Trainee: 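I have a structure I would like to understand better, so I am pasting it below and will then ask my questions one at a time.
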Amino acid sequence: QVQLVESGGGLVQAGGSLRLSCAASGRTFSSYAMGWFRQAPGKEREFVATINWSGGNTYYADSVKGRFTISRDNAKNTVYLQMRSLKPEDTAVYYCAANRATMAVELNEYDYWGQGTQVTVSS
């Protein structure tokens with residue numbers, strides 16, 4: 001069982017930066033691939049980024065590539081999402097998720113989810 005708690009969301013102006021954190025419970029965090037997803041009002045939850053168990057491999061949605069960076073610190077049981085050059089269209093609730101198997105872009109491939117943290121980007 002893995003419990004995930006996101007933090008770091010807030011209100012930021014367009015062009016600004018935020019860093020989201022996702023703290024995981026459990027001793028097996030380092031064996032999980034992790035992902036970040038987001039859900040804007042009235043839209044479906046969508047993939048943002050994923051990272052493998054070691055942090056050596058990452059993959060991003062085209063909409064955030066070059067602006068967002070996913071990373072992890074297995075000693076701290078934490079995964080991060082550094083967001084730069086934020087745009088109003090990045091406004092959403094951001095969720096982290098854990099996958100027992102491997103990096104993935106589909107929601108249904110993830111086993112555990114956090115409750116989400118709100119990111120609002122003003123124009």
Side-chain angles (χ1 to χ4, degrees):
Q1 188 80 8
V2 175
Q3 291 185 323
L4 304 171
V5 179
E6 301 95 336
S7 62
L11 173 64
V12 63
Q13 288 188 332
S17 300
L18 278 176
R19 188 177 81 156
L20 306 183
S21 299
C22 173
S25 66
R27 295 175 293 175
T28 59
F29 171 75
S30 61
S31 66
Y32 286 79
M34 300 296 294
W36 283 99
F37 291 76
R38 66 186 181 186
Q39 188 166 17
K43 295 188 176 181
E44 293 186 351
R45 196 171 298 190
E46 65 176 7
F47 167 75
V48 174
T50 184
I51 190 167
N52 75 330
W53 68 272
S54 70
N57 287 312
T58 58
Y59 182 76
Y60 298 90
D62 287 344
S63 58
V64 307
K65 201 174 294 182
R67 299 189 298 123
F68 291 11
T69 303
I70 188 171
S71 62
R72 67 190 296 162
D73 185 338
N74 286 341
K76 295 183 178 179
N77 278 15
T78 302
V79 62
Y80 304 98
L81 186 69
Q82 178 68 53
M83 305 185 294
R84 298 182 176 89
S85 301
L86 283 161
K87 306 174 181 179
E89 51 263 45
D90 294 318
T91 295
V93 177
Y94 283 71
Y95 299 88
C96 70
N99 180 337
R100 288 192 198 95
T102 186
M103 297 165 55
V105 302
E106 298 294 337
L107 278 73
N108 60 11
E109 296 187 74
Y110 285 82
D111 305 292
Y112 303 102
W113 290 84
Q115 293 301 306
T117 185
Q118 176 71 47
V119 172
T120 303
V121 184
S122 64
S123 57

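Start at 1 with the first residue, then count along the sequence. Computed from a prediction, not measured in an experiment: that's the story for all the values here.
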Trainee: Would a distance-only check, ignoring hydrogens and angles, find a side-chain to backbone donor-acceptor pair under 3.5 Å from Y60 to I70?
Mentor: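 Yes: the side chain of Y60 pairs with the backbone of I70.
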Trainee: Check this for me: does any side-chain nitrogen of one of D90 and K87 sit under 4.0 Å from a carboxylate oxygen of the other?
Mentor: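 Answer for the salt bridge query: no.
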Trainee: Between Q118 and T120, is any pair of side-chain heavy atoms under 4.5 Å apart?
Mentor: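 Yes, close enough: below the 4.5 Å cut-off.
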Trainee: Using a 3.5 Å distance criterion without hydrogens, assess whether the side chain of N99 forms a donor-acceptor pair with backbone atoms of E109.
Mentor: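 Yes, because the side chain of N99 sits within donor-acceptor range (under 3.5 Å) of the backbone of E109.
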Trainee: Using the rule that Ile, Leu, Val, Met, Phe, Trp and Tyr join whenever any side-chain heavy atoms are under 4.5 Å apart, tell me whether V79 and F68 fall into a single cluster.
Mentor: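 Shared cluster, yes.
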Trainee: Could you check whether any side-chain N or O of E6 sits under 3.5 Å from a backbone N or O of L20, counting only pairs where one atom can act as donor and the other as acceptor?
Mentor: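 Not a single qualifying donor-acceptor pair exists.
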Trainee: Are any non-hydrogen side-chain atoms of T28 and R100 less than 4.5 angstrom apart?
Mentor: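 The answer is no, as the side chains (C-beta and beyond) never meet within the 4.5 Å cut-off.
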Trainee: Using a 4.5 Å cut-off between side-chain heavy atoms of Ile, Leu, Val, Met, Phe, Trp and Tyr, which other residues end up in the same hydrophobic cluster as W53?
Mentor: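 In the cluster with W53 there is nothing else; it is isolated.
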Trainee: Between P88 and A14, which heavy-atom pair has the shortest distance, and what is it?
Mentor: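 Nearest heavy atoms, P88 then A14: CD-CB, 4.1 Å.
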Trainee: Check whether any side-chain heavy atom of K76 lies under 4.5 Å from a side-chain heavy atom of S21, and answer yes or no.
Mentor: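 The answer is no, as the side chains (C-beta and beyond) never meet within the 4.5 Å cut-off.
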Trainee: Is it true that, when you exclude K43 itself, more than 12 heavy atoms of the residues, nucleotides or ligands shown sit nearer than 6.0 Å to its NZ?
Mentor: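 Atom NZ in K43 is not packed in, count stays at 12 or less.
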Trainee: Is Y110 reaching over with its side chain to a backbone N or O of A104, donor-acceptor style, under 3.5 angstrom?
Mentor: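 The answer is yes, because a donor-acceptor pair under 3.5 Å joins these two groups.
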Trainee: Can you name the nearest heavy-atom pair linking T91 to V121, along with the distance?
Mentor: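 Heavy atoms of T91 and V121 come nearest at OG1-N, 2.9 Å.
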Trainee: Indicate if V2 and F37 have the same hydrophobic cluster label, given that clusters are the connected sets of ILVMFWY residues with side-chain heavy-atom separations under 4.5 angstrom.
Mentor: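 V2 does not cluster with F37.
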Trainee: Please check if Y95 and Y80 belong to a single hydrophobic cluster, counting links between Ile, Leu, Val, Met, Phe, Trp and Tyr side chain heavy atoms closer than 4.5 Å.
Mentor: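 They do not share one cluster, since no chain of ILVMFWY contacts under 4.5 Å joins Y95 to Y80.
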Trainee: How many angstroms lie between atom OG1 of T69 and atom CG of L81, to the nearest 0.5 angstrom?
Mentor: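 Spacing of OG1 (T69) from CG (L81) equals 8.0 Å.
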Trainee: Look only at the side chain of T117 and the backbone of Y94, and say whether a donor-acceptor pair between them is shorter than 3.5 Å.
Mentor: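 Here the side-chain-to-backbone pair does not exist.
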Trainee: Got a donor-acceptor contact below 3.5 angstrom from the T50 side chain to the M34 backbone?
Mentor: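 Looks like yes, one N/O pair under 3.5 Å.
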Trainee: V119, V93: one ILVMFWY side-chain cluster at the under-4.5 Å cut-off?
Mentor: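 No.
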Trainee: With a sphere of 6.0 Å drawn around CD of Q115, does it hold more than 12 non-hydrogen atoms of other residues, nucleotides or ligands?
Mentor: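 At most 12 heavy atoms, drawn from other residues, nucleotides or ligands, come within 6.0 Å of this atom.
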Trainee: Just wondering, more than 12 heavy atoms not from Y59 lying within 6.0 Å of its OH?
Mentor: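 Result for OH/Y59: open.
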Trainee: When you compare the side chain of R38 with that of E46, does any pair of heavy atoms fall below 4.5 Å?
Mentor: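 They are in side-chain contact.
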Trainee: Testing the basics here: between S17 and S85, what is the closest heavy-atom pair and its distance to 0.1 Å?
Mentor: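 Minimum heavy-atom separation between S17 and S85: OG-N, 4.4 Å.
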Trainee: Looking at every heavy atom in both L11 and S122, which two are closest together, and how far apart are they?
Mentor: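 Residues L11 and S122, closest heavy atoms: CD1-CB, 4.3 Å.
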Trainee: Using modelled atom types only, decide if a donor and an acceptor are shared between the side chain of R72 and the backbone of N52 within a distance under 3.5 Å.
Mentor: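 Yes, the answer is positive, given that a donor and an acceptor are paired below the 3.5 Å cut-off.
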Trainee: Is W113 linked to W36 within one hydrophobic cluster, defined over Ile, Leu, Val, Met, Phe, Trp and Tyr using a side-chain heavy-atom separation of less than 4.5 Å?
Mentor: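 Hydrophobic grouping puts W113 apart from W36.
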Trainee: Please report the shortest heavy-atom distance between Q39 and R45, naming the atom on each side.
Mentor: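 Scanning both residues completely, I find the closest heavy atoms to be OE1-NE, 3.4 Å.
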Trainee: Counting only heavy atoms not in Q82 (residues, nucleotides, ligands), do more than 12 fall under 6.0 Å from its CD?
Mentor: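 Atom CD in Q82 is crowded, with more than 12 foreign heavy atoms closer than 6.0 Å.
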